[in-house]
Number of protein chains: 2
Amino acid sequence: MSKQAFQAAYIHCYELIRDKILNGELPGGTKLVEERLAEELGVSRTPVRESIRKLEQEGLIQKKRVVQPSVEDLRHIFEVRMLLEGFSARCAASYMDEATQEKVQECITIAREGTVDITMDANKQFHDLIVQASRNPEIVRIIDRMQSIIYLFRRAVVYYKRPFLIDEHQHILDAIRSHDAAAAERLMKEHLQADLDFYLHLGKH
Amino acid sequence: MSKQAFQAAYIHCYELIRDKILNGELPGGTKLVEERLAEELGVSRTPVRESIRKLEQEGLIQKKRVVQPSVEDLRHIFEVRMLLEGFSARCAASYMDEATQEKVQECITIAREGTVDITMDANKQFHDLIVQASRNPEIVRIIDRMQSIIYLFRRAVVYYKRPFLIDEHQHILDAIRSHDAAAAERLMKEHLQADLDFYLHLGKH
DNA sequence: TTCGAATTTTTTGTATACATTTTTAAAATA
DNA sequence: TATTTTAAAAATGTATACAAAAAATTCGAA
């Protein structure tokens, strides 16, 4: 049996609650009551409490309520993404090894043909690999922390099949492969801006 | 009596433990034992536990031990600072109103003549005001989260009286005042790089 | 001695009870 | 009816007890 067969309850709770938020089972605005969740998950309030605190730190919960990110929130997050992921793309153009470039290419290929879920995963992986090329754990952590909210957003984008999204990914990779740092950064920023614009436009309906 | 006269114990604990870490009473590497801290602070383990979790999220504690940031950690943090504070300085050149510019000027003036503690506060305030000019709460939050580790660092820098530090602040403000966004960003990045270099050089002794 | 198994001690994780605070609902007054 | 007061309930914060896990120590054998 694996050494990790047993998982502390509070970690398990954290993941369960997080998933409930991300898949919409706990929609934005819902008040999280410790006792109710405890009963639902079959544990005491203690681990639930810790989970909620952690989710609060991550920004998915605010004042015991599930966050419903506003358009402004999204703008702010994307501003940070453009800075940090743009920088990461620039690094990738200098540092990323061939094997990783191959993996990035696979993400693009898979995303072209997969189901919605597979495409979402592949697109996330695409960004993750580039962020990791920054070789800066702080940057990785910051982007990771925003991931949850980005996730809620990305779901909508892929669901509506934003045109050119995957082509843009390909262009970014091409720039990285030809070690054109300035182009990689610029293309990444434009790509994120397009994502954001598309999303904001959707909100108009 | 004010409505906030009473403070939840876990908030109080958080602040006390945090201060103990920042002022060196709990030096890097120290193992934090819930029960001992609880006794020391005169509360039960419950609020202490929550405080530790929060400090873990903030990066001041890792695996129950007080973090001792490595040179690499510092490099990574400063890379992020250069990106985000550089951007903020750029924004400041466009958006910062005159009243705030005045406040920034005061920070510089105070820092020139104050004691070590006053100078530290003023320098922190200088950076805070510029970060706020980004008008992006995400950026403010990220920088704030790094503040604790930055604080430990800044203490050393001011203690050893890095030359030109305040002059550089003045140059940045001048660029902001003349609405030269590119210069503001460049000067801020150079300033942070100089800070980092100075610190790394100190470490060589 | 040195290594490793076994045991003790320490520390953490969880449940539960109770106190305090906040929220909600109800009643009473203008 | 609207608004404030008061009472009720619900929810959170805290302490404490116990169980499980991790760490430290002891002991014996090579």
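Lettering of chains follows the sequences in order, A, B, ..., and the numbering in each one begins at 1.
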Considering only nitrogen or oxygen atoms on both sides, find all protein atoms under 3.5 Å from nucleotides 8-11 of chain C and state each distance.
none

## Note on the structure
Here the residues of residues 39-46 of chain A within 4.0 Å heavy-atom distance, strictly under, of DNA chain D are A:Arg45

### Task
Among C:dT14, D:dT14, C:dT12, find the nucleotide with the atom closest to the side chain of B:Ala9.
D:dT14

#### Entry: salt bridge (charged side-chain N to carboxylate O under 4.0 Å, His left out) pairs, two or more places apart, involving residues 91-107 of chain B
B:Glu102-B:Arg177

## Note on the structure
Across all chains, not counting sequence neighbours, the side chain to side chain donor-acceptor pair (under 3.5 Å) partners of B:Asp167 are B:Arg112

### side-chain contact (heavy atoms from CB on, under 4.5 Å) against A:Ile110, all qualifying residues, sequence neighbours excluded
A:Ile118, A:Ala122

### Summary
Sequence neighbours excluded, the answer for side chain to side chain donor-acceptor pair (under 3.5 Å) partners of A:Asn136 is B:Glu79

### Task
Quick one: list whatever passes salt bridge (charged side-chain N to carboxylate O under 4.0 Å, His left out) with B:Glu138, sequence neighbours left out.
B:Arg141

### Message
What's A:Arg53 touching, base or sugar-phosphate or nothing? Going by heavy atoms closer than 4.0 Å.
### Response
sugar-phosphate

### Task
Counting heavy atoms from C-beta on, name the nucleotide in D:dT14, C:dT14, D:dT12 closest to the side chain of A:Tyr10.
C:dT14

### Task
Using the test side-chain contact (heavy atoms from CB on, under 4.5 Å), find all partners of B:Thr109 that sit at least two apart in sequence or belong to another chain.
B:Gln105

### Task
Applying side-chain contact (heavy atoms from CB on, under 4.5 Å), name anything that partners B:Glu85, two or more places apart in sequence or on another chain.
B:Arg81, B:His127, B:Val131, B:Ile143, B:Met188, B:Leu192

